[in-house]
Protein chains: 2
Amino acid sequence: MLTRSEEDHLKAVHALLQDGASAFTKDIAERLGTKASSVTVMLKKLTDKGLLKHEPYYGVKLTGKGQTAALRLVRKHRLWETFLVERLGFGWDEVHEVAEQLEHVSSDKLTDSLDEYLGHPRFDPHGDPIPDRNGKVQSRNIKPLAGCLVGERVRIAAVKDPSDPLLQLLDEKGIGIGMVFEVHARQAFDGSLELRRKQGPPSTLSALVAAQLLVEPARP
Amino acid sequence: MLTRSEEDHLKAVHALLQDGASAFTKDIAERLGTKASSVTVMLKKLTDKGLLKHEPYYGVKLTGKGQTAALRLVRKHRLWETFLVERLGFGWDEVHEVAEQLEHVSSDKLTDSLDEYLGHPRFDPHGDPIPDRNGKVQSRNIKPLAGCLVGERVRIAAVKDPSDPLLQLLDEKGIGIGMVFEVHARQAFDGSLELRRKQGPPSTLSALVAAQLLVEPARP
DNA sequence: AACATAAATTAGCCTTGTCTAAAATATATA
DNA sequence: TATATATTTTAGACAAGGCTAATTTATGTT
(Lines give C-alpha, C1' and ligand atoms only; values in the text may rest on other atoms or scores of the structure.)
Protein backbone atom coordinates (compact mmCIF):
# COMPACT_ATOMS: atom_id res chain seq x y z
CA MET A 1 0.00 0.00 0.00
CA LEU A 2 1.31 3.42 -0.96
CA THR A 3 0.87 6.62 0.99
CA ARG A 4 -0.56 9.64 -0.70
CA SER A 5 2.84 11.29 -0.87
CA GLU A 6 4.38 8.20 -2.39
CA GLU A 7 1.67 8.15 -5.02
CA ASP A 8 2.25 11.81 -5.79
CA HIS A 9 5.95 11.27 -6.29
CA LEU A 10 5.39 8.21 -8.43
CA LYS A 11 2.97 10.07 -10.66
CA ALA A 12 5.36 13.02 -10.99
CA VAL A 13 8.16 10.72 -12.10
CA HIS A 14 5.87 9.03 -14.58
CA ALA A 15 4.68 12.34 -15.99
CA LEU A 16 8.22 13.64 -16.44
CA LEU A 17 9.36 10.47 -18.15
CA GLN A 18 6.37 10.54 -20.46
CA ASP A 19 7.82 12.90 -23.05
CA GLY A 20 10.97 10.83 -23.39
CA ALA A 21 12.66 13.27 -21.06
CA SER A 22 14.47 12.20 -17.93
CA ALA A 23 13.27 12.86 -14.41
CA PHE A 24 15.51 15.00 -12.22
CA THR A 25 15.13 15.58 -8.55
CA LYS A 26 14.61 19.32 -8.88
CA ASP A 27 11.94 18.87 -11.56
CA ILE A 28 10.01 16.48 -9.36
CA ALA A 29 10.28 18.93 -6.48
CA GLU A 30 9.10 21.82 -8.61
CA ARG A 31 6.16 19.80 -9.92
CA LEU A 32 5.09 18.85 -6.40
CA GLY A 33 5.79 22.22 -4.83
CA THR A 34 8.34 20.78 -2.41
CA LYS A 35 12.11 20.93 -1.98
CA ALA A 36 14.69 18.73 -3.65
CA SER A 37 15.86 17.34 -0.32
CA SER A 38 12.39 16.03 0.43
CA VAL A 39 12.21 14.41 -2.96
CA THR A 40 15.51 12.62 -2.42
CA VAL A 41 14.11 10.96 0.68
CA MET A 42 10.99 9.82 -1.11
CA LEU A 43 12.94 8.53 -4.08
CA LYS A 44 14.96 6.35 -1.75
CA LYS A 45 11.79 5.08 -0.16
CA LEU A 46 10.18 4.24 -3.49
CA THR A 47 13.39 2.58 -4.62
CA ASP A 48 13.37 0.43 -1.49
CA LYS A 49 9.81 -0.55 -2.32
CA GLY A 50 10.93 -1.66 -5.75
CA LEU A 51 8.96 0.94 -7.68
CA LEU A 52 11.84 2.83 -9.19
CA LYS A 53 15.55 2.73 -9.87
CA HIS A 54 17.35 5.69 -8.41
CA GLU A 55 21.09 6.03 -8.98
CA PRO A 56 22.10 8.92 -6.71
CA TYR A 57 23.21 11.96 -8.73
CA TYR A 58 21.87 10.31 -11.90
CA GLY A 59 18.35 9.93 -13.08
CA VAL A 60 15.28 8.04 -11.99
CA LYS A 61 13.59 5.27 -13.93
CA LEU A 62 10.40 3.36 -13.23
CA THR A 63 10.56 -0.38 -12.68
CA GLY A 64 7.86 -2.56 -14.18
CA LYS A 65 6.09 -2.53 -10.86
CA GLY A 66 6.39 1.25 -10.65
CA GLN A 67 5.10 1.66 -14.19
CA THR A 68 2.08 -0.45 -13.37
CA ALA A 69 1.34 1.52 -10.22
CA ALA A 70 1.75 4.85 -12.01
CA LEU A 71 -0.56 3.78 -14.82
CA ARG A 72 -3.20 2.79 -12.31
CA LEU A 73 -3.06 6.30 -10.91
CA VAL A 74 -3.24 7.87 -14.35
CA ARG A 75 -6.18 5.63 -15.15
CA LYS A 76 -8.04 6.72 -12.04
CA HIS A 77 -7.26 10.38 -12.59
CA ARG A 78 -8.52 10.39 -16.17
CA LEU A 79 -11.59 8.31 -15.44
CA TRP A 80 -12.60 10.76 -12.73
CA GLU A 81 -11.98 13.72 -15.05
CA THR A 82 -14.21 12.07 -17.60
CA PHE A 83 -16.90 11.49 -15.00
CA LEU A 84 -16.76 15.07 -13.79
CA VAL A 85 -17.07 16.54 -17.27
CA GLU A 86 -19.46 14.09 -18.91
CA ARG A 87 -21.76 13.33 -16.00
CA LEU A 88 -21.50 16.21 -13.56
CA GLY A 89 -21.16 18.99 -16.08
CA PHE A 90 -17.82 20.35 -14.94
CA GLY A 91 -15.87 22.52 -17.36
CA TRP A 92 -12.73 20.83 -18.66
CA ASP A 93 -10.68 23.48 -16.89
CA GLU A 94 -12.23 22.81 -13.47
CA VAL A 95 -11.58 19.13 -13.08
CA HIS A 96 -7.90 18.75 -12.39
CA GLU A 97 -7.79 19.68 -8.72
CA VAL A 98 -10.75 17.52 -7.81
CA ALA A 99 -9.51 14.55 -9.84
CA GLU A 100 -6.21 14.98 -8.03
CA GLN A 101 -8.01 14.09 -4.81
CA LEU A 102 -10.27 11.40 -6.23
CA GLU A 103 -7.41 9.50 -7.81
CA HIS A 104 -6.09 8.59 -4.36
CA VAL A 105 -9.21 6.66 -3.39
CA SER A 106 -8.15 3.05 -3.39
CA SER A 107 -10.71 0.52 -4.53
CA ASP A 108 -10.19 -1.57 -7.63
CA LYS A 109 -13.88 -2.32 -7.69
CA LEU A 110 -14.64 1.39 -7.71
CA THR A 111 -12.23 2.09 -10.55
CA ASP A 112 -13.50 -0.73 -12.72
CA SER A 113 -17.14 0.04 -12.00
CA LEU A 114 -16.59 3.67 -12.92
CA ASP A 115 -14.84 2.62 -16.11
CA GLU A 116 -17.77 0.46 -17.08
CA TYR A 117 -20.31 3.10 -16.06
CA LEU A 118 -18.62 5.58 -18.39
CA GLY A 119 -18.61 3.05 -21.25
CA HIS A 120 -14.86 2.28 -21.17
CA PRO A 121 -13.76 5.65 -22.54
CA ARG A 122 -10.35 5.59 -24.17
CA PHE A 123 -9.62 9.30 -23.97
CA ASP A 124 -10.32 11.84 -21.26
CA PRO A 125 -11.78 15.34 -21.75
CA HIS A 126 -8.29 16.71 -22.45
CA GLY A 127 -7.75 14.08 -25.13
CA ASP A 128 -5.26 12.09 -23.10
CA PRO A 129 -5.53 8.31 -23.35
CA ILE A 130 -7.01 6.37 -20.42
CA PRO A 131 -5.09 3.16 -19.63
CA ASP A 132 -7.32 0.10 -19.40
CA ARG A 133 -7.26 -2.14 -16.34
CA ASN A 134 -4.19 -3.89 -17.69
CA GLY A 135 -2.34 -0.66 -18.30
CA LYS A 136 -2.76 -0.72 -22.08
CA VAL A 137 -3.14 2.70 -23.69
CA GLN A 138 -4.56 3.44 -27.11
CA SER A 139 -1.93 5.16 -29.23
CA ARG A 140 -2.66 7.73 -31.90
CA ASN A 141 -0.89 9.56 -34.67
CA ILE A 142 -0.56 12.92 -33.04
CA LYS A 143 1.77 15.89 -33.52
CA PRO A 144 1.90 19.54 -32.48
CA LEU A 145 -0.40 21.88 -34.37
CA ALA A 146 2.53 24.27 -34.72
CA GLY A 147 4.22 21.88 -37.10
CA CYS A 148 1.26 21.54 -39.45
CA LEU A 149 1.30 22.83 -43.03
CA VAL A 150 -1.18 25.28 -44.46
CA GLY A 151 -4.04 23.31 -45.96
CA GLU A 152 -3.87 20.40 -43.49
CA ARG A 153 -7.11 19.27 -41.95
CA VAL A 154 -6.72 18.18 -38.34
CA ARG A 155 -8.69 17.19 -35.28
CA ILE A 156 -7.68 18.59 -31.89
CA ALA A 157 -6.57 15.50 -29.99
CA ALA A 158 -5.04 16.76 -26.76
CA VAL A 159 -3.52 19.66 -24.89
CA LYS A 160 0.14 19.12 -24.11
CA ASP A 161 0.43 20.84 -20.72
CA PRO A 162 -3.12 21.68 -19.66
CA SER A 163 -2.77 24.73 -17.40
CA ASP A 164 -5.92 26.47 -16.27
CA PRO A 165 -5.20 29.75 -18.09
CA LEU A 166 -4.49 27.91 -21.30
CA LEU A 167 -7.67 25.86 -21.11
CA GLN A 168 -9.64 28.99 -20.37
CA LEU A 169 -8.13 30.75 -23.37
CA LEU A 170 -9.03 27.84 -25.64
CA ASP A 171 -12.51 27.83 -24.20
CA GLU A 172 -12.88 31.52 -25.06
CA LYS A 173 -11.74 30.89 -28.61
CA GLY A 174 -14.20 28.04 -28.88
CA ILE A 175 -11.56 25.37 -29.30
CA GLY A 176 -12.03 21.95 -27.72
CA ILE A 177 -11.02 18.33 -27.95
CA GLY A 178 -12.45 16.56 -30.98
CA MET A 179 -13.02 19.69 -33.06
CA VAL A 180 -11.84 19.71 -36.65
CA PHE A 181 -10.07 22.64 -38.31
CA GLU A 182 -8.22 23.45 -41.46
CA VAL A 183 -4.94 25.34 -41.18
CA HIS A 184 -5.72 28.33 -43.35
CA ALA A 185 -2.73 30.61 -43.03
CA ARG A 186 0.52 31.06 -41.16
CA GLN A 187 2.05 34.44 -40.40
CA ALA A 188 5.70 34.22 -41.30
CA PHE A 189 6.89 36.89 -38.85
CA ASP A 190 5.52 35.41 -35.61
CA GLY A 191 4.43 31.92 -36.56
CA SER A 192 0.81 32.47 -35.57
CA LEU A 193 -1.80 30.31 -37.27
CA GLU A 194 -5.25 31.01 -38.60
CA LEU A 195 -7.69 28.12 -38.32
CA ARG A 196 -10.93 27.72 -40.26
CA ARG A 197 -13.78 25.53 -39.16
CA LYS A 198 -16.67 24.21 -41.22
CA GLN A 199 -19.04 26.76 -39.75
CA GLY A 200 -18.42 29.71 -37.55
CA PRO A 201 -15.66 32.29 -37.39
CA PRO A 202 -11.97 31.57 -37.91
CA SER A 203 -9.60 31.58 -34.95
CA THR A 204 -6.08 32.92 -34.73
CA LEU A 205 -3.63 31.22 -32.43
CA SER A 206 -0.19 32.37 -31.36
CA ALA A 207 2.73 30.09 -32.10
CA LEU A 208 3.04 29.44 -28.40
CA VAL A 209 -0.51 28.15 -28.10
CA ALA A 210 -0.21 26.19 -31.35
CA ALA A 211 2.76 24.37 -29.88
CA GLN A 212 0.58 23.26 -26.98
CA LEU A 213 -2.13 21.73 -29.14
CA LEU A 214 -1.68 18.17 -30.31
CA VAL A 215 -3.65 17.18 -33.37
CA GLU A 216 -4.36 14.10 -35.45
CA PRO A 217 -5.09 13.91 -39.17
CA ALA A 218 -8.74 14.44 -40.09
CA ARG A 219 -10.54 13.53 -43.27
CA PRO A 220 -11.80 16.48 -45.34
CA MET B 1 -9.45 23.54 6.58
CA LEU B 2 -9.70 20.30 8.52
CA THR B 3 -7.29 17.41 8.32
CA ARG B 4 -8.57 13.96 7.61
CA SER B 5 -8.08 12.93 11.22
CA GLU B 6 -9.94 15.98 12.46
CA GLU B 7 -12.81 15.14 10.16
CA ASP B 8 -12.87 11.56 11.40
CA HIS B 9 -13.04 12.66 15.01
CA LEU B 10 -15.73 15.21 14.28
CA LYS B 11 -17.85 12.63 12.52
CA ALA B 12 -17.40 10.15 15.35
CA VAL B 13 -18.60 12.69 17.88
CA HIS B 14 -21.56 13.55 15.72
CA ALA B 15 -22.50 9.91 15.25
CA LEU B 16 -22.33 9.21 18.98
CA LEU B 17 -24.45 12.23 19.84
CA GLN B 18 -27.01 11.28 17.22
CA ASP B 19 -28.99 8.86 19.31
CA GLY B 20 -29.32 11.35 22.13
CA ALA B 21 -26.46 9.63 23.88
CA SER B 22 -23.38 11.48 25.07
CA ALA B 23 -19.95 11.15 23.54
CA PHE B 24 -17.18 9.82 25.75
CA THR B 25 -13.51 9.73 24.96
CA LYS B 26 -13.27 5.97 25.08
CA ASP B 27 -16.24 5.52 22.75
CA ILE B 28 -14.71 7.84 20.20
CA ALA B 29 -11.44 5.95 20.44
CA GLU B 30 -13.17 2.61 20.03
CA ARG B 31 -15.09 3.85 17.02
CA LEU B 32 -11.95 5.13 15.34
CA GLY B 33 -9.76 2.20 16.31
CA THR B 34 -7.36 4.43 18.23
CA LYS B 35 -6.48 4.99 21.89
CA ALA B 36 -8.20 7.33 24.32
CA SER B 37 -5.05 9.36 24.80
CA SER B 38 -4.91 10.16 21.10
CA VAL B 39 -8.54 11.21 21.15
CA THR B 40 -7.98 13.59 24.06
CA VAL B 41 -5.41 15.48 22.03
CA MET B 42 -7.66 15.74 19.01
CA LEU B 43 -10.60 16.88 21.13
CA LYS B 44 -8.48 19.71 22.45
CA LYS B 45 -7.49 20.62 18.93
CA LEU B 46 -11.06 20.65 17.67
CA THR B 47 -12.12 22.66 20.71
CA ASP B 48 -9.43 25.23 19.94
CA LYS B 49 -10.78 25.43 16.41
CA GLY B 50 -14.22 26.20 17.80
CA LEU B 51 -15.87 23.03 16.53
CA LEU B 52 -16.69 21.45 19.87
CA LYS B 53 -17.02 22.10 23.55
CA HIS B 54 -14.90 19.75 25.58
CA GLU B 55 -15.00 19.95 29.36
CA PRO B 56 -12.18 17.64 30.46
CA TYR B 57 -13.52 14.60 32.32
CA TYR B 58 -17.05 15.50 31.21
CA GLY B 59 -18.63 15.10 27.85
CA VAL B 60 -18.20 16.56 24.41
CA LYS B 61 -20.76 18.66 22.57
CA LEU B 62 -20.74 20.07 19.07
CA THR B 63 -20.83 23.82 18.57
CA GLY B 64 -22.96 25.23 15.79
CA LYS B 65 -19.90 25.41 13.60
CA GLY B 66 -19.03 21.83 14.47
CA GLN B 67 -22.53 20.65 13.76
CA THR B 68 -22.41 22.29 10.34
CA ALA B 69 -19.07 20.73 9.51
CA ALA B 70 -20.20 17.29 10.69
CA LEU B 71 -23.38 17.48 8.64
CA ARG B 72 -21.39 18.36 5.56
CA LEU B 73 -19.39 15.17 6.07
CA VAL B 74 -22.50 13.08 6.62
CA ARG B 75 -24.00 14.59 3.50
CA LYS B 76 -20.98 13.68 1.42
CA HIS B 77 -20.78 10.18 2.85
CA ARG B 78 -24.40 9.38 2.15
CA LEU B 79 -24.41 10.96 -1.29
CA TRP B 80 -21.45 8.81 -2.28
CA GLU B 81 -23.10 5.71 -0.85
CA THR B 82 -26.14 6.49 -2.94
CA PHE B 83 -24.01 6.96 -6.03
CA LEU B 84 -22.17 3.71 -5.47
CA VAL B 85 -25.33 1.68 -5.03
CA GLU B 86 -27.63 3.34 -7.54
CA ARG B 87 -25.19 4.10 -10.33
CA LEU B 88 -22.25 1.77 -9.97
CA GLY B 89 -24.16 -1.28 -8.80
CA PHE B 90 -22.41 -1.77 -5.49
CA GLY B 91 -24.12 -3.91 -2.86
CA TRP B 92 -25.40 -1.97 0.14
CA ASP B 93 -22.88 -3.78 2.31
CA GLU B 94 -19.87 -2.90 0.14
CA VAL B 95 -20.12 0.85 0.09
CA HIS B 96 -19.12 1.98 3.54
CA GLU B 97 -15.36 1.69 3.28
CA VAL B 98 -15.20 3.39 -0.10
CA ALA B 99 -17.58 6.17 0.93
CA GLU B 100 -15.37 6.64 3.96
CA GLN B 101 -12.59 7.67 1.60
CA LEU B 102 -14.71 9.65 -0.83
CA GLU B 103 -16.29 11.76 1.89
CA HIS B 104 -12.95 13.44 2.54
CA VAL B 105 -12.69 14.88 -0.95
CA SER B 106 -13.21 18.58 -0.50
CA SER B 107 -15.08 20.40 -3.25
CA ASP B 108 -18.42 22.04 -2.65
CA LYS B 109 -19.02 22.07 -6.36
CA LEU B 110 -18.46 18.33 -6.51
CA THR B 111 -20.82 17.64 -3.64
CA ASP B 112 -23.59 19.81 -5.01
CA SER B 113 -23.18 18.50 -8.55
CA LEU B 114 -23.35 14.94 -7.31
CA ASP B 115 -26.45 15.77 -5.30
CA GLU B 116 -28.12 17.17 -8.37
CA TYR B 117 -26.94 14.30 -10.58
CA LEU B 118 -28.57 11.84 -8.20
CA GLY B 119 -31.80 13.84 -8.18
CA HIS B 120 -31.46 15.29 -4.67
CA PRO B 121 -32.06 12.00 -2.86
CA ARG B 122 -33.28 12.46 0.70
CA PHE B 123 -32.32 9.06 2.07
CA ASP B 124 -29.31 6.90 1.41
CA PRO B 125 -29.41 3.17 0.62
CA HIS B 126 -29.50 2.38 4.33
CA GLY B 127 -32.49 4.63 4.83
CA ASP B 128 -30.53 7.28 6.63
CA PRO B 129 -31.42 10.86 5.76
CA ILE B 130 -29.09 12.93 3.57
CA PRO B 131 -28.67 16.52 4.78
CA ASP B 132 -29.18 19.13 2.06
CA ARG B 133 -26.57 21.78 1.31
CA ASN B 134 -27.83 23.87 4.20
CA GLY B 135 -27.66 20.99 6.64
CA LYS B 136 -31.40 20.44 6.73
CA VAL B 137 -32.42 16.83 7.08
CA GLN B 138 -35.71 15.57 5.82
CA SER B 139 -38.14 14.65 8.55
CA ARG B 140 -37.53 11.03 9.11
CA ASN B 141 -38.93 8.16 7.18
CA ILE B 142 -40.98 6.70 9.98
CA LYS B 143 -43.85 4.24 10.02
CA PRO B 144 -45.58 1.92 12.49
CA LEU B 145 -43.65 -1.18 13.40
CA ALA B 146 -46.84 -3.14 12.84
CA GLY B 147 -46.58 -2.55 9.09
CA CYS B 148 -43.03 -3.82 8.77
CA LEU B 149 -42.14 -6.94 6.85
CA VAL B 150 -40.24 -9.89 8.25
CA GLY B 151 -36.55 -9.27 7.67
CA GLU B 152 -36.68 -5.49 7.97
CA ARG B 153 -34.13 -3.84 10.21
CA VAL B 154 -35.52 -0.86 12.05
CA ARG B 155 -34.66 1.67 14.70
CA ILE B 156 -37.24 2.60 17.28
CA ALA B 157 -37.88 6.29 16.61
CA ALA B 158 -40.88 7.18 18.75
CA VAL B 159 -43.88 5.90 20.66
CA LYS B 160 -47.16 7.02 19.17
CA ASP B 161 -49.28 7.52 22.30
CA PRO B 162 -46.96 7.18 25.25
CA SER B 163 -49.12 5.91 28.13
CA ASP B 164 -47.53 4.86 31.39
CA PRO B 165 -48.55 1.21 31.19
CA LEU B 166 -47.23 1.00 27.64
CA LEU B 167 -43.90 2.55 28.53
CA GLN B 168 -43.61 0.23 31.49
CA LEU B 169 -44.31 -2.73 29.31
CA LEU B 170 -41.65 -1.64 26.81
CA ASP B 171 -39.21 -1.08 29.64
CA GLU B 172 -39.79 -4.59 30.93
CA LYS B 173 -39.14 -5.98 27.48
CA GLY B 174 -35.99 -3.91 27.26
CA ILE B 175 -37.19 -1.78 24.37
CA GLY B 176 -36.30 1.90 24.13
CA ILE B 177 -35.84 4.80 21.75
CA GLY B 178 -32.86 4.42 19.48
CA MET B 179 -32.61 0.66 19.73
CA VAL B 180 -32.28 -1.37 16.58
CA PHE B 181 -34.09 -4.62 15.86
CA GLU B 182 -34.74 -7.01 13.07
CA VAL B 183 -38.31 -8.20 12.51
CA HIS B 184 -37.79 -11.91 12.79
CA ALA B 185 -41.25 -13.43 12.55
CA ARG B 186 -44.91 -12.54 12.47
CA GLN B 187 -47.65 -14.77 13.83
CA ALA B 188 -50.41 -14.94 11.26
CA PHE B 189 -53.22 -15.63 13.66
CA ASP B 190 -52.81 -12.61 15.95
CA GLY B 191 -50.33 -10.35 14.16
CA SER B 192 -47.78 -10.45 16.96
CA LEU B 193 -44.16 -9.81 16.05
CA GLU B 194 -40.90 -11.34 17.19
CA LEU B 195 -37.94 -8.94 17.26
CA ARG B 196 -34.27 -9.89 17.35
CA ARG B 197 -31.50 -7.62 18.55
CA LYS B 198 -27.78 -7.85 17.90
CA GLN B 199 -27.13 -9.32 21.34
CA GLY B 200 -29.51 -10.41 24.01
CA PRO B 201 -32.82 -12.25 23.98
CA PRO B 202 -35.58 -11.78 21.39
CA SER B 203 -38.77 -9.92 22.29
CA THR B 204 -42.33 -10.70 21.29
CA LEU B 205 -44.77 -7.82 20.88
CA SER B 206 -48.53 -7.94 20.43
CA ALA B 207 -50.00 -6.34 17.33
CA LEU B 208 -51.49 -3.64 19.55
CA VAL B 209 -48.11 -2.66 20.94
CA ALA B 210 -46.46 -2.89 17.50
CA ALA B 211 -48.96 -0.38 16.19
CA GLN B 212 -47.82 2.06 18.84
CA LEU B 213 -44.17 1.94 17.92
CA LEU B 214 -42.86 4.18 15.16
CA VAL B 215 -39.70 3.00 13.49
CA GLU B 216 -37.26 4.16 10.86
CA PRO B 217 -35.02 2.09 8.61
CA ALA B 218 -31.70 1.17 10.20
CA ARG B 219 -28.47 0.06 8.67
CA PRO B 220 -27.15 -3.36 9.69
C1' DA C 1 -15.29 7.90 55.25
C1' DA C 2 -11.99 5.27 52.89
C1' DC C 3 -10.67 2.81 49.31
C1' DA C 4 -10.99 0.35 44.64
C1' DT C 5 -11.84 0.82 39.93
C1' DA C 6 -12.77 2.89 35.55
C1' DA C 7 -12.08 6.57 32.58
C1' DA C 8 -9.53 10.65 31.07
C1' DT C 9 -5.57 13.18 30.83
C1' DT C 10 -0.64 14.17 30.71
C1' DA C 11 4.13 13.13 29.66
C1' DG C 12 7.32 11.24 26.83
C1' DC C 13 8.54 8.54 22.68
C1' DC C 14 8.19 7.10 17.64
C1' DT C 15 7.23 7.54 12.58
C1' DT C 16 6.17 10.21 8.51
C1' DG C 17 7.07 13.85 5.65
C1' DT C 18 8.44 18.22 5.36
C1' DC C 19 12.11 22.02 5.91
C1' DT C 20 16.96 24.53 6.13
C1' DA C 21 21.81 24.42 6.02
C1' DA C 22 25.88 22.11 4.96
C1' DA C 23 28.49 18.80 2.32
C1' DA C 24 29.16 16.07 -1.85
C1' DT C 25 29.04 15.44 -6.71
C1' DA C 26 28.65 16.56 -11.60
C1' DT C 27 29.19 19.83 -15.26
C1' DA C 28 30.59 23.87 -17.66
C1' DT C 29 34.14 27.31 -18.39
C1' DA C 30 38.36 29.88 -18.23
C1' DT D 1 43.59 21.49 -15.77
C1' DA D 2 41.60 24.06 -12.33
C1' DT D 3 37.76 26.10 -10.76
C1' DA D 4 33.03 28.04 -10.56
C1' DT D 5 28.30 26.78 -10.56
C1' DA D 6 24.28 23.95 -10.45
C1' DT D 7 22.30 20.02 -8.61
C1' DT D 8 21.88 16.36 -5.33
C1' DT D 9 22.40 14.33 -1.10
C1' DT D 10 23.05 14.24 3.89
C1' DA D 11 22.34 15.87 8.56
C1' DG D 12 19.57 17.73 11.85
C1' DA D 13 15.14 20.13 13.26
C1' DC D 14 10.18 20.25 13.52
C1' DA D 15 5.02 19.43 13.35
C1' DA D 16 1.32 16.04 13.03
C1' DG D 17 -0.65 12.23 14.86
C1' DG D 18 -0.26 8.00 16.66
C1' DC D 19 1.42 4.92 20.88
C1' DT D 20 2.55 3.34 26.03
C1' DA D 21 3.02 4.32 30.78
C1' DA D 22 2.05 7.08 34.58
C1' DT D 23 -1.02 10.33 36.81
C1' DT D 24 -5.36 12.53 37.79
C1' DT D 25 -10.24 12.60 38.35
C1' DA D 26 -14.83 10.61 38.98
C1' DT D 27 -17.57 7.00 40.64
C1' DG D 28 -19.00 2.98 43.07
C1' DT D 29 -18.51 -0.13 47.20
C1' DT D 30 -17.80 -1.53 51.69
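Naming: A, B, ... by sequence-line order, numbering from 1 per chain. The shown structure was predicted, so the numbers you read here are calculated from the model rather than taken from an experiment.
Looking at residues two or more places apart in sequence or on another chain, you find no side-chain hydrogen bond (donor to acceptor under 3.5 Å, both in side chains) involving B/K26. Considering only residues two or more places apart in sequence or on other chains, A/H104 meets the side-chain hydrogen bond (donor to acceptor under 3.5 Å, both in side chains) condition with A/E7, A/D8.
Taking the nucleotide of DNA chain C with the nearest heavy atom to each of A/A36 and B/L43, the more 5' of the two is matched to B/L43.
When the side-chain nitrogen and oxygen atoms of B/T25 are compared with OP1 and OP2 of C/dT9, one or more of them lie within a distance under 4.0 Å. Phosphate contact (OP1/OP2 of C/dC19, side-chain N/O of A/S38, threshold under 4.0 Å): present. Residue A/H54 places no side-chain N or O under 4.0 Å from the OP1 or OP2 atom of D/dT8.
Whole-Å rounding puts the B/I28 CD1 to D/dG18 C1' distance at 16 Å. B/E30 places its CD atom 16 Å from the P atom of C/dA6, with the value rounded to the nearest Å. Following rounding to the nearest Å, A/D27 (CG) and D/dT8 (C1') show an atom-to-atom distance of 12 Å. At whole-Å resolution of the value, CE in A/M1 and P in C/dT15 are 21 Å apart. At whole-Å resolution of the value, CG in B/L32 and P in D/dG18 are 8 Å apart. Rounded to whole Å, atom P of C/dA8 lies 17 Å from atom CE of B/M42. Atom pair A/K44:NZ and C/dT15:P shows a separation of 15 Å (rounding to whole Å applied). Atom-to-atom, NZ of A/K35 to C1' of C/dA21 comes out at 13 Å; the value is rounded to the nearest Å.
Listed for the A/T34 side chain is no donor-acceptor partner under 3.5 Å among the backbone atoms of A/E30. No donor-acceptor distance shorter than 3.5 angstrom exists from the side chain of A/E6 to the backbone of A/L46, with no hydrogens or angles considered.
Between A/F83 and A/Y117, the ring planes are tilted. Angles from 30° to 60° get that label.
Note on A/R31 versus A/D27: no salt bridge recorded, every NZ/NE/NH1/NH2 to OD/OE distance being 4.0 Å or above. In this structure, B/K109 does not pair ionically with A/E97, as no charged nitrogen and carboxylate oxygen lie closer than 4.0 Å. In this structure, B/R196 does not pair ionically with B/E182, as no charged nitrogen and carboxylate oxygen lie closer than 4.0 Å.
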Where do N or O atoms of nucleotides 23-27 of chain D meet protein N or O atoms at under 3.5 Å, pair by pair?
residue, atom, partner, partner atom, Å
D/dT24, O2, B/Y57, OH, 3.2

Identify each donor-acceptor pair in which a side-chain atom of residues 59-71 of chain B lies under 3.5 Å from a protein atom, sequence neighbours left out, and give them as a table.
residue, atom, partner, partner atom, Å
B/T63, OG1, B/G50, O, 2.8
B/T63, OG1, B/L51, O, 3.0
B/T63, OG1, B/K65, N, 3.4
B/T63, OG1, B/G66, N, 3.0
B/K65, NZ, B/K49, O, 3.1
B/T68, OG1, B/G64, O, 3.0

Tell me which donor-acceptor pairs under 3.5 Å the side chains of residues 128-137 of chain A have, and how far apart each pair is, sequence neighbours excluded?
residue, atom, partner, partner atom, Å
A/D132, OD1, A/N134, N, 2.7
A/D132, OD1, A/G135, N, 3.0
A/D132, OD1, A/K136, N, 2.9
A/R133, NH1, A/D112, OD2, 3.1

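Counting distance only, with no hydrogens placed and no angle test, the side-chain atoms of B/S37 and the base atoms of D/dT20 include a donor-acceptor pair under 3.5 Å.
The side chain of A/K26 approaches D/dT8 more closely than any other nucleotide in the set D/dG18, D/dT8, C/dA7.
Within 4.0 Å of A/T40, counting heavy atoms only, lies at least one base atom of the nucleic acid.
Only at 4.0 angstrom or more do the heavy atoms of residues 97-106 of chain A sit from any atom of DNA chain C, so none qualifies.
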